[in-house]
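This report concerns only the one structure given below.
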Amino acid sequence: MRTRVRGRRLRHNPLRRRSDVFEAWTTVVVALLLFLGAPALGAAAALWSHAGAQAVAAEQRAERHRVRATVEGSTPDTLPSVQADSRHSYRATVRWTTPEGTERTGTARVPAGTRHGDAVDVWLDSRGRNVPAPIHDSAVLQHSITIGACTTAGAALAVLLARCAVRKVTMRRRLAEWECEWALVEPQWTHRRA
């Protein structure tokens with residue numbers, strides 16, 4: 001015959017201690033926090049950071065503009081490890097024409113492998129200073145996902161650490177109760193007199 005043991009710590013039992021009931025309810029609360037609370041907190045943090053990053057990206061797109069510039073200055077000849085890699089860049093003197101028609105010269109980051117006379121895209125702010133390109137939507141999404149995942153992991157870690165602390169305190173209290181009960185029962189079992 002098979003018996004089912006559901007909620008074994010929650011049902012009525014003469015051997016059940018208060019610490020057993022407390023530990024069982026703590027387990028239920030921890031499970032709810034891990035499977036519902038931590039992901040909800042991570043999602044909320046991701047949405048909050050996404051809204052903030054979208055606002056920053058929109059502000060950058062509104063204030064920055066791209067111009068086509070020509071590399072005027074000399075380019076470094078000694079970049080052996082990055083010559084073929086377009087992700088790296090270095091500073092060079094470039095010349096561009098403003099929307100009003102005046103020619104301007106400045107220093108800007110250009111891709112590795114760019115030579116004198118090559119045309120490159122340069123981003124400028126409202127004052128005409130060279131700035132990085134505005135944040136792309138994929139970077140905003142990546143930032144939001146990272147914030148959400150880290151918040152979820154941090155919340156889960158905090159819940160698990162709290163669970164360990166509660167379990168340690170509960171175990172210490174349980175051992176103290178056993179010690180008190182053993183002090184009452186031990187003389188009867190061993191026939192010793194105090």
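Heads up: numbering here begins at 1 and tracks the sequence.
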> Excluding sequence neighbours, so at least two apart, what forms side-chain contact (heavy atoms from CB on, under 4.5 Å) with L32?
Replying inline: V28, L36
>> Are T93 and V71 packed together at the side-chain level, in the sense that at least one heavy-atom pair is separated by less than 4.5 angstrom?
In response: no
> Would the number of heavy atoms belonging to other residues, nucleotides or ligands and lying under 6.0 Å from CH2 of W182 be above 12?
Replying inline: yes
>> Using every non-hydrogen atom in the two residues, find where A156 and A38 come nearest and quote the distance to one decimal.
In response: N-CB, 4.0 Å
>> Between V159 and V29, is there shared hydrophobic-cluster membership here, with clusters defined by ILVMFWY side-chain heavy atoms closer than 4.5 Å?
In response: yes
>> If hydrophobic clusters are built by linking Ile, Leu, Val, Met, Phe, Trp and Tyr wherever their side-chain heavy atoms come under 4.5 Å apart, do V120 and Y90 end up in the same one?
In response: yes
>> If you define the side chain from C-beta out and look only at heavy atoms, does anything of H143 sit under 4.5 Å from H50?
In response: no
> Tell me, do R64 and P132 make a side-chain contact under 4.5 Å, heavy atoms counted?
Replying inline: yes
>> With a 6.0 Å cut-off (strictly less than), is the heavy-atom count around CD of E103, excluding the residue itself, greater than 12?
In response: yes
> Any luck finding a side-chain donor-acceptor pair between T105 and R95 under 3.5 Å?
Replying inline: yes
> Around R61, counting heavy atoms of other residues, nucleotides and ligands shown, do more than 12 lie under 6.0 Å from its CZ?
Replying inline: yes
> Taking atom CD of Q54 and atom CG of L141, what is their separation to the nearest 0.5 Å?
Replying inline: 9.0 Å
> Do other residues, nucleotides or ligands put more than 12 heavy atoms under 6.0 Å from E63 CD?
Replying inline: yes
> Measuring from E177:CD to L175:CG, what's the distance to the nearest 0.5 Å?
Replying inline: 9.5 Å
> Does CZ belonging to R18 count more than 12 external heavy atoms closer than 6.0 Å?
Replying inline: no
>> For the CD atom on Q142, are there more than 12 heavy atoms of other groups (residues, nucleotides or ligands in this structure) within a distance under 6.0 Å?
In response: no
> How far does CH2 of W178 sit from CZ of R173, to the nearest 0.5 angstrom?
Replying inline: 14.5 Å
> Do T27 and R163 come within less than 4.5 Å of each other through their side chains, counting heavy atoms only?
Replying inline: yes
> Are any non-hydrogen side-chain atoms of D121 and R68 less than 4.5 angstrom apart?
Replying inline: yes
> Will you find, in the side chains of T26 and R167, an N or O donor that is under 3.5 Å from an N or O acceptor?
Replying inline: no
> Are I135 and V131 grouped together when hydrophobic residues (ILVMFWY) are joined by side-chain heavy atoms under 4.5 angstrom apart?
Replying inline: no
> Would you say the side chain of T170 lies within less than 4.5 Å of the side chain of F22, judging by non-hydrogen atoms?
Replying inline: yes
> Mind checking whether T98 and L124 have side chains closer than 4.5 Å, heavy atoms only?
Replying inline: no
> Which distance, rounded to the nearest 0.5 Å, do you find between the CZ of R174 and the CZ of R172?
Replying inline: 13.0 Å
>> Enumerate the side chain to side chain donor-acceptor pair (under 3.5 Å) contacts for residues 125-134, please, sequence neighbours excluded, ordered by first and then second residue.
In response: D125-R129
> Would a 4.5 Å heavy-atom cut-off, applied to side chains only, mark L157 and L161 as touching?
Replying inline: yes
> How many angstroms lie between atom OG1 of T152 and atom CG of L34, to the nearest 0.5 angstrom?
Replying inline: 11.0 Å
> Are L33 and V166 linked, directly or through other ILVMFWY residues, by side chains that come within less than 4.5 angstrom of each other?
Replying inline: no
> When hydrophobic residues are tied together by side-chain contacts of less than 4.5 Å, even through go-betweens, does I147 share a cluster with I145?
Replying inline: no
